[in-house]
Amino acid sequence: MLGDLARRVVAECGADVGLVGVPEPLPGHGKDDEGMVLRHWAGTRSDLLHDVAVPAGLGLGGRALAERVPTWVPDYRAATTISHHYDAAVAADDLYAMLTVPLMDGGTVHGVVYASVRDVVPFGDVRISAVDALARAAARALAGAAAWSRPAPRPEQGRPAAPVRPATRSSTLLSTRPLTPREHEVLRWAATGRTNPEIAARLGLTCNTVTGYLKSAMHKLGVRNRTELALAAREAGLVD
């Protein structure tokens with residue numbers, strides 16, 4: 001899902017490179033120190049930005065992680081408001097303008113998404129809003145996945161267990177409104193990050209037909225966008 005987020009930043013937000021940092025413990029840092037690793041990318045020309053460890057506060061992404069707000073600069077290499085620990089990697093990919101947005105759900109940070117351009121340009125409201133919208137959708141999906149994976153609390157000894165609750169929204173929808181074989185096939189390719197034109201070419205369909213199948217699948221699964229669709233499909237066991 002986060003790999004798809006990096007690709008969508010490039011495809012939909014006018015960025016040359018999309019990156020996603022995932023919170024992880026960093027070697028040489030305390031267990032309570034915040035940090036992340038750049039685990040997902042799209043559009044890079046070199047591998048120097050792949051799997052880079054970023055402690056909170058360092059670089060532009062580290063600032064977004066620490067301050068919990070979007071941060072951007074028109075020229076990363078000339079910026080005076082950030083540390084310059086990653087200049088060599090940024091220069092190797094010929095990047096200048098950069099925007100970083102934390103994936104926030106309440107007070108929890110699920111990661112940071114980067115959008116970067118190979119030119120010195122200001123980030124306008126339209127581009128910032130587009131990246132922010134993708135970040136919000138991804139954060140909601142990640143929060144839902146975390147809630148889904150948490151084990152149910154055990155009943156206290158001597159107290160009766162809570163009654164069995166109705167099936168979840170996804171399982172109810174799937175049991176009453178199953179996907180058609182073609183919707184399932186289109187969904188399976190979309191969950192791997194393929195674009196609509198790529199899916200259309202692979203399956204011998206038109207782009208409008210692929211869009212129609214995806215919209216129908218979204219409606220049946222009760223989701224609003226491709227990121228949430230991929231997550232719901234994995235939760236329901238429709239894709240690997």
Side-chain angles (χ1 to χ4, degrees), residues 1-24 26 34-105 109-142 193-198 225-227:
M1 180 182 65
L2 291 179
D4 185 53
L5 173 60
R7 287 186 288 271
R8 291 186 66 183
V9 165
V10 173
E12 301 175 20
C13 301
D16 293 313
V17 169
L19 302 162
V20 181
V22 179
E24 294 182 20
L26 302 182
E34 275 195 306
M36 62 183 177
V37 179
L38 303 185
R39 294 298 190 195
H40 306 277
W41 46 83
T44 55
R45 293 174 178 171
S46 77
D47 61 0
L48 294 185
L49 288 169
H50 299 179
D51 301 316
V52 174
V54 182
L58 294 190
L60 198 67
R63 270 193 61 189
L65 180 64
E67 298 175 8
R68 308 302 206 247
V69 294
T71 307
W72 62 93
V73 291
D75 185 351
Y76 185 100
R77 287 177 256 182
T80 60
T81 56
I82 59 174
S83 74
H84 285 272
H85 290 71
Y86 308 103
D87 282 8
V90 171
D93 239 288
D94 196 28
L95 301 178
Y96 289 90
M98 188 176 293
L99 163 69
T100 57
V101 181
L103 307 180
M104 295 288 299
D105 177 66
V109 182
H110 294 282
V112 173
V113 59
Y114 295 63
S116 192
V117 180
R118 293 187 173 101
D119 201 359
V120 178
V121 294
F123 274 95
D125 291 342
V126 172
R127 183 175 288 165
I128 293 172
S129 296
V131 177
D132 185 61
L134 288 178
R136 289 176 184 274
R140 286 195 301 267
L142 289 166
R194 300 302 198 280
T195 64
N196 285 12
E198 288 173 336
N225 53 55
R226 291 174 77 105
T227 300

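- Heavy atoms only, all atoms of each residue included: P70 and P102 are closest at N-CD, 3.8 Å.
- For the residue pair R118/Y96, the side-chain donor-acceptor check at 3.5 Å is not satisfied.
- For D125, the CG atom sits in a loose shell: 12 or fewer heavy atoms of surrounding residues, nucleotides or ligands are nearer than 6.0 Å.
- Using a distance-only test at 3.5 Å, with no hydrogens or angles considered, no donor-acceptor pair links the side chain of R7 to the main chain of G43.
- Rounding to the nearest 0.5 Å gives a distance of 8.5 Å between CG of L99 and OG1 of T71.
- Residues D87 and H84 have side chains that bring a donor and an acceptor to within less than 3.5 angstrom of each other.
- Separation of atoms CG (L58) and OH (Y86) is listed at 4.5 Å; rounding is to 0.5 Å.
- Rounding to the nearest 0.5 Å gives a distance of 9.0 Å between OG1 of T100 and OH of Y76.
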Determine, stepwise, if the pair T81 / R63 fulfils side chain to side chain contact (heavy atoms under 4.5 Å, CB included).
CA-CA 10 Å; T81 56; R63 270 193 61 189; 3.6 Å; yes
Just do the side chain to side chain contact (heavy atoms under 4.5 Å, CB included) check on V109 and L103 with the steps written out, would you?
CA-CA 6 Å; V109 182; L103 307 180; 5.7 Å; no
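- From T44, atom OG1 reaches atom NE2 of H50 across 3.0 Å, with rounding to the nearest 0.5 Å.
- When all heavy atoms of L49 and A89 are compared, the pair lying nearest together is CD2-CB, 3.6 Å.
- Between F123 and V73, the closest heavy-atom pair is CE1-O, 4.1 Å.
- Between A139 and M104 the shortest heavy-atom distance is CB-O, 3.2 Å.
- Applying the 6.0 Å contact sphere to CZ of R68 captures more than 12 heavy atoms from other residues, nucleotides or ligands.
- Here the CD1 atom belonging to I128 is positioned 11.5 Å from the SG atom belonging to C13, to the nearest 0.5 angstrom.
- For D75 (side chain) and R77 (main-chain N/O), a donor-acceptor pair under 3.5 Å exists by modelled atom type.
- In this structure, the separation between CZ on R39 and CG on L19 is 13.0 Å, given to the nearest 0.5 Å.
- A salt bridge is absent between R194 and D4: the closest approach of a Lys/Arg side-chain nitrogen to an acidic carboxylate oxygen does not fall below 4.0 angstrom.
- Heavy-atom neighbours of H85 NE2 from other residues, nucleotides or ligands within 6.0 Å: at or below the threshold of 12.
- Here the closest non-hydrogen pair linking L134 and V9 is CD1-N, 4.0 Å.
- The two atoms that bring V101 and D132 nearest to each other are CG1-OD1, 3.7 Å, heavy atoms only.
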Stepwise side chain to side chain contact (heavy atoms under 4.5 Å, CB included) check, Y114 with M98:
CA-CA 7 Å; Y114 295 63; M98 188 176 293; 3.8 Å; yes
